[in-house]
Structure formats: C-alpha cells, structure tokens
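These numbers come from the heavy atoms of this one structure, side chains and all, not from hydrogens, waters or symmetry mates.
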Amino acid sequence: MAGAVRPSEPVRGARGSATRLVGVTVRVRFAPSPTGLFHVGGARSALQNWVYARQHGGTFVLRIEDTDATRNRPEWTDGIIEALAWIGIERGGYEGPRFQSDNAAHHAAAARQLHASGNAYYCDCTRDDVLARRGNRYAGYDGFCRDRGLGPGPGTALRFRTPREGVTRVVDLVRGEPTFENAQIEDFVIARANGSAVFLLANVVDDSVMGITHVIRAEEHLPNTPKQQLLWAALGLKPPTWAHVPVVVNAKRQKLSKRRDKVALEAYRDEGYLADAMRNYLMLLGWAPSGDREIVPWSVVEEEFRLEAVNPSPAFFDEKKLRAFNGEYIRALPVADFIAACQPWLTGTATIPAPPWRPEAYDPAVFATLAPLAQTRVAVLSEIVANVDFAFLDEPPADPAAWAKGMKAGARELLDAVVAAFAECPWTAAALKADLLAAGEARGLKLGKAQAPVRVAVTGRTVGLPLFESLEVLGRERTLARLRGAIDRLPS
Ligand code: GLU
C-alpha cells in the first residue's frame, strides 16, 4: 500500500487570516444521499466543508449520492438544495449538483481495473456458506474465494483483496493519524453481482474523478476510511486528506436519530428558527470561536474556524441552547425585519400553521404596536401567534388549564376592584400598573399574583407579553369587556 499522504503545510496568510494550503487547489464535497429530510448533522458537515473551501479559495462540490434506487427520491434532492440555500450555501456558489449515478461507467472501470491488477476477486459465497464454515458465527468474510480464480457470473460479487499484514494509517485533520490493522479488515465487497459498485468504491471513484482533495464528513464514516484508503492506493491514486467531524448526539449521548429526535433542518426552519442562528449554532458542534464567544457574526466563523481545532468527542445537539440562541438572534433583528419574519405565521402561510388562529383577524397596524414587546419574548417565530392573538381575536382564546391556574380564590373580588379602577384611570401602562398594584396590595397580593387573573381574563394565557403595555394596546373598552366577561364566569 502506498504511504498515507501528509496534508500540505499550512502557511499563515496576511494579518492572521485563514491559513492557505500552498500548491493545493482545495476541492471539497458534501455528498448526501437523498433519502429523507436534511439531517442537522449533515448541515453541520456541509457548513464545515463550505467554510473550509472559502478559507482556502477552494471549490465546494455538491454530490448527490443517488445510487440506492430503492431509497432515493428526486424531491429529497430538491429539499437538500433548498435547505443548503437556507443556511447560506447557495446554488451558483458551488459546483453541482453532480450525481453519483452519472459516474456508473467510472465505477465499473475501477472495478475492472482492481480485478485486472489482482486487487479484487470474484466470490460466490452466500452468508450462509460463510456461517456454515465458521460454525455459525459470522466474523467477517473468511477469504474462501481468494484463490479460486472465479470469473463474473450470477450470484458473484467482487471483493477487495485486503492485505493480510501491515497497517493502514490515515491522515485526519480532526483525529491525527488513526491506524488500522489490515488483518482486522475483511475482504469487503466492492461490486454487487449485477456489477454495480457499492458505496465504498463508488464514493472513492467519485472523489477521484471530481478531484477532491479533502474529505470532511461525519465520524460515522471513520470505519470506512481504511478500506477506502486501501482502494485509493490499489487504484494507484493519491488519497485525500480526511477530516472526520464528531458524531452529533442527544442529551442521553445517543446518536441523533430520525425516529427519536428532531433532526430535520427543515423542521427547525418551519418552526421559525432563523437561518443565521441555526448556522451559528451548527458551527459550534465541536468548535468554538476565540474569547469565550458563542454568538458571533458569520464573518468570524469564516475567519476563525479550523478543522484542526474541532474536538473529536461526540457533539451534544442541545435544543434548549439552540432555542436560546434563536431568541438572541430574534432580539437583535431590526423591528421591521422581525415584523417581516413573523408574517408567515400571522397571515397563515407558514408550513406549520399556528392553531387555533384566524389569519383574517390579523391587522398589521396593531401588530406594529405589539411587535417590539413580542420581540423580547419570542424564542421561535411560530410562538408569535400565541403571544399576540389576544389583540386580534374578539374573545381571548379559551384554555381551561390557564383559567384554572390564573383564577384562584378571591379572583372575582380582585377583578371587580380592577374594573372599577381601570374604568377611571389614564390609559397608560404606568397608570394601569399602579392601579393593579394598589388593588393587589389591598388584598395582600404581590404584583405577580395580582396580575395572574387579569392576564388570563384578557389574554386567555398565564404567560405572555408584558401585561400593562399589552393592555395599553388593547384599549380600555376591550380590556374592560374581557374583565367583565371573566367576572360573569366566576362563581360569586
Ligand atoms: N452519502 C454518504 C452519506 O450521506 C456520504 C459519505 C461521505 O461523505 O463520504 O453518509
């Protein structure tokens, strides 16, 4: 096997800007299989590839690995392209999409070459055959057909002749130089009986045909890497530099799974996460900018990100933290942008509509007065409706649980006093607050406790926007009508 190729020496560019590789035109690729929604772990890998390419004046190739005809659907490819664009990897800024299926002739040629050079052999063993020879314990293929000199035929796959001795060392920018014992690597299948290449070979051939210099991908593929590097060498090619970025896990340290966890980038987008918050957060999976910062402009990511600084340990995808991030990004928006970003939910065009809501009730002028208040409270844009609907609907939304929580003993008397005070006072947040404070104090209630029944009566909820400013927007007439309506519903 040819020795592993070391990455070219990085040199520091002017004024501490990203390092550039001398004499290497960097070409990276993101190579998703279009088999479902776009996994956040995939989005993270895509962004890292993107940043790496930009830092080195290189090219990012989007390659769709579409050779599994049973699982691929063209709409998933469209979804990948859209989702990439959403996080800032826009069509036109990269090469492709290129399709693995277009390279079938190259895959077949590589398989022929490996056979002709003695690096691969045909094998007609079934799994049961191997099991029978091994006393029913499958511990990899046993090499039975290595020297049988079989030719192609039905039921005959092509296997790689893995060297029995020595080690395969890979150069990995995240993990150093992991070393694998060749004796532990079975003679693996590279082409099926129908002649089509399996992932291991197709992926190598595509990377070679596309001139890929750096393979930045998820840790899940690390076990494939020695096999792939052996293939590169057997094909007489110089392998790429590898970078296996950490597996993404949930709070229980389990690998994020489609069935168990919310993993689809589209789900976050449709719920009202901002693309800027999302991509900032994704870049922090295993990496951090300088100076204890986490929320940073994208330009800082592009300046400071280093694959060599990525922590190889599993990266925790912390949805709570992402939410908090998103809230910060929302608060940093100019109000006009916040108003615009909320429109899909308010006008009922969002992919995930907010139930129960009547978009016909929406009034942009009223929303303009509430938006600055809402902007401080909303962590995810889809929450906007629940925060402001009280101002648009004729009646506050009915929520029995909120009602029970807000309307404790004595609520009726308190509301009676509040109605009397609110009927007279100047209609400003400060005056409303002073009156409620006084009504509460007269009954031994602190402001928080005194607010609860008023909030439920007026907004139908136990939490929401700052109350007195909300009442100011709602106006005296509607506020009093709601308070009186609540009093009528309460037992005397
Ligand atoms: N299609 C493979 C995947 O989605 C790509 C593997 C690679 O990046 O080499 O996992």
Side-chain angles (χ1 to χ4, degrees), residues 28-52 60 62-65 71 73 75-90 94 174 216-222 243-289 294-296 298 301-302 305 307 310-330 350-352 379-382:
V28 297
R29 86 304 195 268
F30 175 58
S33 308
T35 55
L37 291 169
F38 194 41
H39 195 290
V40 286
R44 177 277 318 258
S45 307
L47 285 170
Q48 292 182 335
N49 272 287
W50 178 252
V51 171
Y52 194 79
F60 174 105
L62 173 61
R63 178 170 80 233
I64 304 294
E65 300 212 323
R71 296 174 64 217
R73 294 222 305 268
E75 59 268 34
W76 295 130
T77 297
D78 297 340
I80 289 166
I81 291 170
E82 261 181 45
L84 284 175
W86 182 64
I87 48 167
I89 303 178
E90 288 188 42
Y94 56 80
V174 175
I216 304 164
R217 63 182 178 182
E219 182 182 354
E220 289 90 320
H221 287 289
L222 188 59
H244 287 91
V245 296
V247 62
V248 181
V249 297
N250 65 18
K252 293 184 180 153
R253 313 295 284 172
Q254 298 159 318
K255 187 178 155 185
L256 278 198
S257 116
K258 263 194 220 176
R259 276 168 297 283
R260 191 182 39 223
D261 306 299
K262 190 162 91 188
V263 300
L265 189 70
E266 295 90 334
Y268 290 95
R269 177 192 64 197
D270 295 347
E271 230 181 83
Y273 282 82
L274 300 179
D276 284 348
M278 197 75 202
R279 65 181 185 162
N280 186 166
Y281 183 71
L282 289 172
M283 285 304 287
L284 297 184
L285 294 171
W287 174 77
E294 291 198 306
I295 295 188
V296 289
W298 189 248
V301 171
E302 292 211 338
F305 176 73
L307 274 174
V310 170
N311 183 337
S313 317
F316 173 31
F317 187 85
D318 184 349
E319 237 186 283
K320 281 202 193 113
K321 184 163 171 178
L322 170 60
R323 236 183 99 78
F325 255 59
N326 204 56
E328 294 242 3
Y329 269 88
I330 286 178
T351 317
I352 307 176
V380 178
L381 293 172
S382 55

Kindly indicate whether the side chain of [X], heavy atoms from C-beta on, has any atom under 4.5 Å from the side chain of [Y].
{"X": "Gln48", "Y": "Val310", "value": "yes"}
{"X": "Leu282", "Y": "Leu265", "value": "yes"}
{"X": "Tyr281", "Y": "Glu294", "value": "no"}
{"X": "Phe317", "Y": "Lys262", "value": "no"}
{"X": "Leu307", "Y": "Val245", "value": "yes"}

Specify the closest pair of heavy atoms between [X] and [Y], including all atoms of both residues, with the distance to one decimal.
{"X": "Val301", "Y": "Trp287", "value": "CA-CH2, 4.2 Å"}
{"X": "Asn280", "Y": "Trp298", "value": "N-CZ3, 4.5 Å"}
{"X": "His244", "Y": "Glu219", "value": "CB-CA, 4.1 Å"}
{"X": "Leu62", "Y": "Pro32", "value": "CD1-CD, 3.8 Å"}
{"X": "Leu274", "Y": "Trp86", "value": "C-CZ2, 3.9 Å"}
{"X": "Ile80", "Y": "Pro34", "value": "CD1-CA, 4.0 Å"}

Roughly how far apart are [X] [atom1] and [Y] [atom2], rounded to 0.5 Å?
{"X": "Ile216", "Y": "His221", "atom1": "CD1", "atom2": "NE2", "answer": "14.0 Å"}
{"X": "Leu284", "Y": "Leu322", "atom1": "CG", "atom2": "CG", "answer": "10.5 Å"}
{"X": "Glu328", "Y": "Ile295", "atom1": "CD", "atom2": "CD1", "answer": "4.0 Å"}
{"X": "Asn250", "Y": "Asp318", "atom1": "CG", "atom2": "CG", "answer": "10.5 Å"}
{"X": "Met283", "Y": "Trp50", "atom1": "CE", "atom2": "CH2", "answer": "12.5 Å"}
{"X": "Asp78", "Y": "Arg73", "atom1": "CG", "atom2": "CZ", "answer": "11.5 Å"}

Would the distance check show the side chain of [X] and the main-chain N or O of [Y] forming a donor-acceptor pair, the cut-off being under 3.5 Å?
{"X": "Tyr94", "Y": "Arg29", "result": "no"}
{"X": "Asn49", "Y": "Ser45", "result": "yes"}
{"X": "Asn311", "Y": "Gly286", "result": "no"}
{"X": "Glu266", "Y": "Phe38", "result": "yes"}
{"X": "Arg44", "Y": "Pro246", "result": "yes"}
{"X": "Arg260", "Y": "Lys255", "result": "yes"}

Discussion item. Go through it in stages, so that I can follow the logic: the residues are Val248 and Phe316, the test is side chain to side chain contact (heavy atoms under 4.5 Å, CB included), and I'd like the CA-CA distance, side-chain angles, deciding distance and then a yes or no.
Written reply: CA-CA 6 Å; Val248 181; Phe316 173 31; over 6 Å; no
Item to complete: I would like to know whether Val40 and Met278 meet side chain to side chain contact (heavy atoms under 4.5 Å, CB included); could you show each step before the answer?
Response: CA-CA 9 Å; Val40 286; Met278 197 75 202; 3.8 Å; yes
Discussion item. Measuring centre to centre across the rings, with the benzene-like ring taken for any Trp, is Tyr268 within less than 6.0 Å of Phe325?
Written reply: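 Here the rings of Phe325 and Tyr268 have centres that are no less than 6.0 Å from each other.
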Worksheet item: Do Tyr52 and Phe305 make the cut of ring centroids closer than 6.0 angstrom?
Response: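 Not under 6.0 Å, so no.
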Worksheet item: For Asp261, what residues pass the salt bridge (charged side-chain N to carboxylate O under 4.0 Å, His left out) criterion, not counting sequence neighbours?
Response: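 None.
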